[in-house]
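These numbers come from the heavy atoms of this one structure, side chains and all, not from hydrogens, waters or symmetry mates. Just follow the structure's listing: the first ligand is 1, and inside any ligand the first atom is 1.
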Amino acid sequence: MAKAGKIVVKTPLVEMDGDEMTRVMWAMVKEKLLFPFLEMPLESYDLHLKHRDETDDRVTVEAARAVTRLGVGVKCATIAANEDRVREYSLKKAWKSPNATIRAFLDGTVFRTPILVKNIRPSVSSWKRPIIIGRHAYGDVYSGVEIRVPGEGTTELVFTPSDGGEPLRKTIHAFTGPGIIQGIHNTDSSIESFARACFTYALDRNVDVWFSTKDTISQTYDARFREIFQREFDANWKQAFEKEGLEYFFTLIDDAVARVMKSEGGMLWALKNYDGDVLSDMVASACGSLAMMTSVLVSPRGQYEFEAAHGTVQKHYYKHLKGEVTSTNSMALIFAWTGALRKRGEMDGTPDVVAFADAVETAALGTIEDGTMTGDLLALADPGPHNRRVTTEGFIDAVAERLAREL
Ligand code: NAP
Ligand code: MG
């Protein structure tokens, strides 16, 4: 405890601010839930779209470097720019998604776990335990290159060896009219890190690993993922898994989707980058709302970046700008902070910081379980005599009051 009775965080946390409604909530969470209780050094990077533009996106790279250096970061949701956003914010160009930049930098795996509360039942009635999605966070379409083919002509895939050997080439398609092509890649070493991260995290959480790709169709690309996972499992994890009574199970992605819908949950489902992007949103919304999904990017070197799985909640932000009352759920943002604080506390050997993170989560869960929640959840919750819809700020205030009582 520090002089003012505040809990001291030893090493600076890397904090990345973001855009729109999540930026509004980010400031409230810090002001109402963290700063009153913590003496917390921050290394702050402002990833607001306009600031990324002003720095030619250098700020994103600096933030990623800081996470590498200090080991733990927490990130607000950010706009991934497209043509509409270029016009809206008068940008120099449509900068790459900050998440893609940071993921590529850390070569990490993203694990997403739904936040379960007693009074909201998953829409898939068989699910009893959370499904953790392990999303590979490198390569595939997120660092793909694409060409809009203007007309008749041939397209080829070419590999040119650096040692001067014969190039490898394959025809993609002989176009007779306009079309599109895409080039994507992955590396053996990134897939190995992905496999290791999944097996490590599953052992940590004591759950089975399911892995699924479409290797019947993609017999080189997806098949390589399957081979590497199996090789890594057999060589380094099989014994530890057997000892814990856990299993590694590979199946085709369509089969996996069908089985997951009939399962009780409680497994780590490892997925390629795009599959994980899509299916984590499905699992999140089946468990309540996108705002009830935590997300952590874990690098193979043991660096962690925590964030909410949802975006910047653009529609709510436009309402907020018009002065209308919003009821946006800050749970995932709160859990991003508590995840980061808990990990920081574990790394620093400061159990009071870990206990503080637990206390914030308990207060947040208790607030919802006692009936105080934002509109997205009220529509899903079991009826209760104390159920009431609160505003964005009202929810954070309610958690803060409860936290102050419980600490
Ligand atoms: P979104 O922010 O995830 O929101 C989509 C819808 O989900 C919202 O309109 C809202 O539904 C509901 N929702 C999401 N989070 C909520 C919350 N905390 N509380 C209550 N409801 C919530 O996706 P988007 O609006 O399509 O995308 C906005 C921007 O976010 C885009 O520019 C995108 O690039 C960016 N994005 C960033 C990240 C990231 O940084 N990690 C991830 C995804 C998207 P209702 O409108 O029905 O209430
Ligand atoms: Mg997604």
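Side-chain atoms of Arg52 and Asp19, non-hydrogen and from C-beta on, do get closer than 4.5 Å to each other.
Considering both main-chain and side-chain atoms, Glu307 comes within under 3.5 Å of ligand 1 through a nitrogen or oxygen pair. Between Glu20 and ligand 1, no N or O atom pair is found at a separation short of 3.5 Å. Not one N or O of Leu290 is nearer than 3.5 Å to an N or O of ligand 1, by distance alone. Residue Ala80 has at least one nitrogen or oxygen atom sitting less than 3.5 Å from a nitrogen or oxygen atom of ligand 1, judged on distance alone. Checked by distance only, ligand 1 and Thr78 come closer than 3.5 Å through their nitrogen or oxygen atoms. At under 3.5 Å, not a single nitrogen or oxygen of Ala309, backbone or side chain, sits near a nitrogen or oxygen of ligand 1. An N or O contact shorter than 3.5 Å is missing between Thr328 and ligand 1 by distance.
Aromatic pair Phe199/Phe233: centroids less than 6.0 angstrom apart. With ring centers used as reference points, Tyr221 lies 6.0 Å or more from His185.
Under the 4.0 angstrom criterion for non-hydrogen atoms, Lys75 is in contact with ligand 1. Residue-ligand proximity: His316 is placed with a non-hydrogen atom under 4.0 Å from ligand 1.
Heavy-atom contacts of Lys315 reach the following atoms of ligand 1: 46 (O) (cutoff under 4.0 Å). Of all atoms in ligand 1, listed by their number and element, those nearer than 4.0 Å to a heavy atom of Ala77 are 40 (O). For ligand 1 and Asn329, the ligand atoms under 4.0 Å from any heavy atom of the residue are 17 (C), 18 (N), 19 (N), 20 (C).
Contacts with ligand 1 closer than 4.0 Å are made by heavy atoms of both the backbone and the side chain of Val313. Of the heavy atoms in Asn99, only side-chain atoms (C-beta onward) come closer than 4.0 Å to ligand 1. Proximity of His310 to ligand 1, defined as any heavy-atom pair under 4.0 Å, is shared by backbone and side chain alike.
Only one option out of Leu279, Leu271, Asp277, Asp275 pairs with Arg135 in a side chain to side chain contact (heavy atoms under 4.5 Å, CB included); it is Asp277. A ring-ring contact (aromatic ring centres under 6.0 Å, His included) with Trp210 holds for exactly one of Tyr248, Phe229, Phe249; it is Phe249.
Of the listed options Ile79, Thr312, Asp277, Thr312 places a heavy atom closest to atom 28 (C) of ligand 1. Taking all heavy atoms of Lys319, Met331, Met292, Arg85 into account, the minimum distance to atom 31 (C) of ligand 1 is reached by Arg85.
In this structure, the side-chain hydrogen bond (donor to acceptor under 3.5 Å, both in side chains) partners of Lys30, at least two apart in sequence or on a different chain, are Glu15.
Within a 6.0 Å sphere centred on NZ of Lys50, heavy atoms belonging to other residues, nucleotides or ligands number more than 12. For CZ of Arg69, the number of neighbouring non-hydrogen atoms (other residues, nucleotides, ligands) closer than 6.0 Å is greater than 12.
A cation-pi arrangement is present between Lys272 and Phe225 under the rule of less than 6.0 angstrom and at most 45 degrees off the ring axis.
One distance of note links CZ of Arg226 with CG of Asp215; it measures 5.0 Å at 0.5 Å rounding.
Sorted pairs that involve residues 141-151 and meet salt bridge (charged side-chain N to carboxylate O under 4.0 Å, His left out), not counting sequence neighbours, are lacking altogether.
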